[in-house]
Amino acid sequence: MSELSFVPVANTDIEEVFRVIKQGTFQQIDTTFGWDEIFQRKRFKSSYQLSWFHWVYRGSTRIGLVCFKHVNRGFHLHYIVILPEYRQKGYGKVVMSLVHSMAVNSGCDNVTLSCFKRDDVAVYFYKQLAYKIIAEEEHFYRLAREIT
């Protein structure tokens, strides 16, 4: 597997970023709440800073998107989306390893994230990476992992 890298998204990429986020989240959001395009676009623009988003590249090929921010002594992961043709090939684990390394290099000691409770594949994925459920809401788990 070629080495992966993160490349910050450009201001001109905002529509492509939203398209990839929609591609990665539509099924869970639509099943849980119903997809409202206008609401999701407003939420995307008001809740996230473009500087938190990075394209994931394998060599010169874009294979996904990751969104995280530095919070207190940790990173909070908002999104990890691997494009469909690159899923089930181990890239998600490599992306998470890169996020963990960046967090450690930034002086952080944990990574947190939220996940749809009904998304069994994602919950299993994060648990395999030693994430623990630290809180539960109606539709979401909040997970955390200590890193060193």
Side-chain angles (χ1 to χ4, degrees), residues 1-33 40-41 43-137 139-148:
M1 181 181 307
S2 297
E3 197 167 311
L4 300 185
S5 61
F6 294 164
V7 176
V9 302
N11 290 337
T12 54
D13 292 342
I14 195 159
E15 278 302 313
E16 180 67 6
V17 169
F18 181 79
R19 187 190 69 72
V20 171
I21 294 296
K22 181 178 179 179
Q23 182 180 37
T25 62
F26 179 86
Q27 181 180 356
Q28 293 298 329
I29 292 172
D30 191 49
T31 302
T32 305
F33 305 112
Q40 292 300 329
R41 284 184 176 277
R43 183 175 180 275
F44 172 71
K45 289 180 181 176
S46 67
S47 298
Y48 304 99
Q49 295 178 20
L50 203 55
S51 62
W52 300 343
F53 289 92
H54 297 78
W55 295 117
V56 179
Y57 279 88
R58 183 180 133 235
S60 61
T61 304
R62 184 184 295 171
I63 67 161
L65 180 73
V66 66
C67 175
F68 56 87
K69 66 181 176 185
H70 192 236
V71 180
N72 301 322
R73 294 202 31 89
F75 270 18
H76 182 76
L77 180 70
H78 287 285
Y79 295 106
I80 174 175
V81 179
I82 303 298
L83 300 177
E85 59 270 31
Y86 300 102
R87 293 180 188 158
Q88 302 299 314
K89 298 180 184 332
Y91 294 122
K93 289 180 183 177
V94 177
V95 168
M96 292 303 292
S97 179
L98 287 172
V99 169
H100 296 158
S101 293
M102 290 176 72
V104 167
N105 292 338
S106 297
C108 298
D109 59 16
N110 69 83
V111 175
T112 61
L113 58 95
S114 292
C115 180
F116 280 99
K117 289 167 67 172
R118 65 181 314 281
D119 189 346
D120 296 332
V121 172
V123 172
Y124 178 80
F125 172 74
Y126 293 122
K127 284 184 173 182
Q128 291 298 304
L129 296 175
Y131 280 82
K132 305 280 187 238
I133 296 171
I134 59 170
E136 186 174 341
E137 299 172 12
H139 300 291
F140 299 97
Y141 289 126
R142 182 168 164 87
L143 297 98
R145 175 187 161 168
E146 291 184 15
I147 54 172
T148 55

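Because the structure is predicted, anything quoted here is derived from the model rather than measured. Computed from heavy atoms alone, side chains included, the values below leave out hydrogens, waters and symmetry copies.
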Which pairs of donor and acceptor atoms, one on a side chain in residues 139-148, lie under 3.5 Å apart (sequence neighbours left out)?
residue : atom : partner : partner atom : Å
R145    : NH1  : H100    : ND1          : 3.4
R145    : NH1  : L129    : O            : 2.9

Spacing of K132 atom NZ and Y126 atom OH [to the nearest 0.5 Å]: 16.0 Å
In chain order, what residues pass the side chain to side chain donor-acceptor pair (under 3.5 Å) check against E16, with sequence neighbours excluded? R19
Sole candidate of T25, V66, V17, V20 that passes side-chain contact (heavy atoms from CB on, under 4.5 Å) when paired with Y79: T25
Return the minimal non-hydrogen interatomic distance between A10 and L50, and the atom names on each side. O-CD2, 3.7 Å
Mind checking the CD-CZ spacing from Q40 to F26? Nearest 0.5 Å is all I need. 10.0 Å
Validation row: R87, I63 side chains within 4.5 angstrom (heavy atoms): no
Could you tell me whether the side chain of T32 and the main chain of Q28 form a donor-acceptor pair under 3.5 Å? yes
Quick one: list whatever passes salt bridge (Lys or Arg N to Asp or Glu O under 4.0 Å) with K127, sequence neighbours left out. none
What's the spacing between L65 CG and I82 CD1 if we round to 0.5 Å? 9.0 Å
Hey, does I80 have a side-chain heavy atom less than 4.5 Å from the side chain of F68? no
Are there over 12 heavy-atom neighbours, none belonging to N105, within less than 6.0 Å of that residue's CG? yes
How long is the straight-line distance from SG of C115 back to CG of L77, given to the nearest 0.5 Å? 10.0 Å
Whether over 12 other heavy atoms sit under 6.0 Å from Q27 CD: no
Should M96 and F125 be marked as a side-chain contact (heavy atoms from CB on, under 4.5 Å) after you check the CA-CA gap, both sets of side-chain angles, and the distance that decides it? CA-CA 10 Å; M96 292 303 292; F125 172 74; 3.8 Å; yes
Qualifying residues under side-chain contact (heavy atoms from CB on, under 4.5 Å), relative to Q49, sequence neighbours excluded: S51, W52
Partners of E85 by salt bridge (Lys or Arg N to Asp or Glu O under 4.0 Å), sequence neighbours excluded? none
Listing request: all salt bridge (charged side-chain N to carboxylate O under 4.0 Å, His left out) pairs with a residue in residues 99-125, at least two apart in sequence or in separate chains. R73-D109, K117-E136
Flag the pair V123 / F116 as yes when at least one side-chain heavy-atom distance between them is below 4.5 Å, and no otherwise. no
If the plane angle is over 60° it's perpendicular, under 30° parallel, otherwise tilted; pick one for Y48 and F44. tilted
Apply side-chain contact (heavy atoms from CB on, under 4.5 Å) to H76 and H78, showing your working. CA-CA 6 Å; H76 182 76; H78 287 285; 3.5 Å; yes
Applying side chain to side chain donor-acceptor pair (under 3.5 Å) to H54 and not counting sequence neighbours gives none
Using the side chain to side chain donor-acceptor pair (under 3.5 Å) rule, collect all pairs that involve residues 62-71, keeping only residues at least two apart or in two chains. Y57-R62
What's the spacing between L83 CG and Q23 CD if we round to 0.5 Å? 6.0 Å
Is the shortest heavy-atom distance from the side chain of Y131 to the side chain of V111 under 4.5 Å? yes
Residues passing the ring pair (Phe, Tyr, Trp, His ring centres under 6.0 Å) test with W55, sequence neighbours excluded, are none
Applying ring pair (Phe, Tyr, Trp, His ring centres under 6.0 Å), can you list everything that pairs with Y86, at least two apart in sequence or on another chain? none
Any idea which heavy atoms bring S106 and F75 closest together, and the distance? OG-CZ, 3.8 Å
Value for CD1 (I134) from OG1 (T112), rounded to nearest 0.5 Å, stands at 6.5 Å
